[in-house]
Amino acid sequence: MKSEPDVFGIDHLQKRPNKTEPWDGVRNYQARNMLRDQMKKGDKAFFYHSNCEEPGIVGMMTIVKSGYPDATMYNPESKYFDPKATAENPRWFRVDVKFQKKFKHTISLKELKSYKQLKGMPVLQKGSRLSITPVTEAQWNFILKLAE
DNA sequence: GCCAACGTTGGC
DNA sequence: GCCAACGTTGGC
């Protein structure tokens with residue numbers, strides 16, 4: 001799951017009450033579908049810092065609440081406001097994530113790209129803009145070892 | 001700051 | 001339904 005560290009980075013998450021925060025503001029249908037249909041309580045996710053000096057994976061977190069409507073879509077004051085969203089037909093979803101661990105060092109995009117074991121991982125593909133992408137169990141375990 | 005990639009919008 | 005125009009993302 002990607003976020004810009006200047007906007008909301010892993011340090012922000014760690015400082016939140018209960019180290020938990022709704023992952024809201026996702027306004028892309030593919031990512032929405034994953035939030036809504038696939039991400040379940042207890043699932044794990046990597047925290048990825050994007051659009052920054054050293055893009056890469058900086059830690060891990062746990063999904064503590066599975067997909068539910070992202071209320072920011074109803075708030076005209078929010079930059080995530082969506083006038084077409086209704087209570088009957090909520091367009092956008094979010095999950096709650098909880099900080100689990102910050103890695104001692106960033107596993108940079110550059111490093112991640114260098115491993116043939118991670119070839120094909122969606123987040124590493126050129127032009128990948130999706131803010132939420134799946135990780136296989138093998139990829140997950142491989143990356144965790146890099147973090148040691 | 002540049003620009004490639006790609007999603008969305010809207011005219012037709 | 002096509003596709004040009006436009007906006008956004010994000011690495012570099």
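Numbers restart at 1 for each chain; the letters A, B, ... are given by sequence-line order, proteins then strands.
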query = Is there a residue in residues 122-132 of chain A whose heavy atoms reach under 4.0 Å of DNA chain C, and which residues are they?
reply = A:Ser128, A:Arg129

message = According to side chain to side chain contact (heavy atoms under 4.5 Å, CB included), who are the partners of A:Ser66, at least two apart in sequence or on a separate chain?
response = A:Lys40

ask   = Looking at residues at least two apart in the chain, or sitting in another chain, which of them share a salt bridge (charged side-chain N to carboxylate O under 4.0 Å, His left out) with A:Asp37?
value = none

task = Give the C-alpha distance, both sets of side-chain angles, the deciding distance and a yes or no for side chain to side chain donor-acceptor pair (under 3.5 Å) between A:Asp96 and A:Trp23.
result = CA-CA 6 Å; A:Asp96 288 355; A:Trp23 198 272; over 6 Å; no

Heavy-atom side-chain contact between A:Ser3 and A:Tyr48 under 4.5 Å = no

query = Under 6.0 Å from the six-membered ring centre of A:Tyr68 and within 45° of its axis: does the NZ or CZ of A:Lys65 meet both?
reply = yes

inquiry  = Need two values: the first and the last nucleotide of DNA chain C, 5' to 3', having an atom under 4.0 Å from any heavy-atom of chain A.
reply    = C:dG7 to C:dC12

inquiry  = Let me spell it out: for each of A:Asn51 and A:Arg91, pick the nucleotide of DNA chain B with the closest heavy atom. Which residue's pick is nearer the 5' end?
reply    = A:Asn51

key: Pairs flagged by side-chain hydrogen bond (donor to acceptor under 3.5 Å, both in side chains) wherever residues 113-135 of chain A is involved - sequence neighbours left out   = A:Glu111-A:Tyr115

Side-chain donor-acceptor pairs under 3.5 Å in residues 138-148 of chain A, sequence neighbours left out?
unit_1: A:Gln139; atom_1: OE1; unit_2: A:Thr136; atom_2: N; d: 2.9
unit_1: A:Gln139; atom_1: OE1; unit_2: A:Thr136; atom_2: OG1; d: 3.2
unit_1: A:Asn141; atom_1: ND2; unit_2: A:Glu137; atom_2: O; d: 3.2

request  = Could you tell me whether A:Lys110 contacts a base, only the sugar-phosphate backbone, or nothing, with contacts defined as non-hydrogen atoms closer than 4.0 Å?
outcome  = nothing

message = Show the nearest heavy-atom pair for residues A:Gln30 and A:Asn28, with the distance to one decimal.
response = N-OD1, 3.0 Å

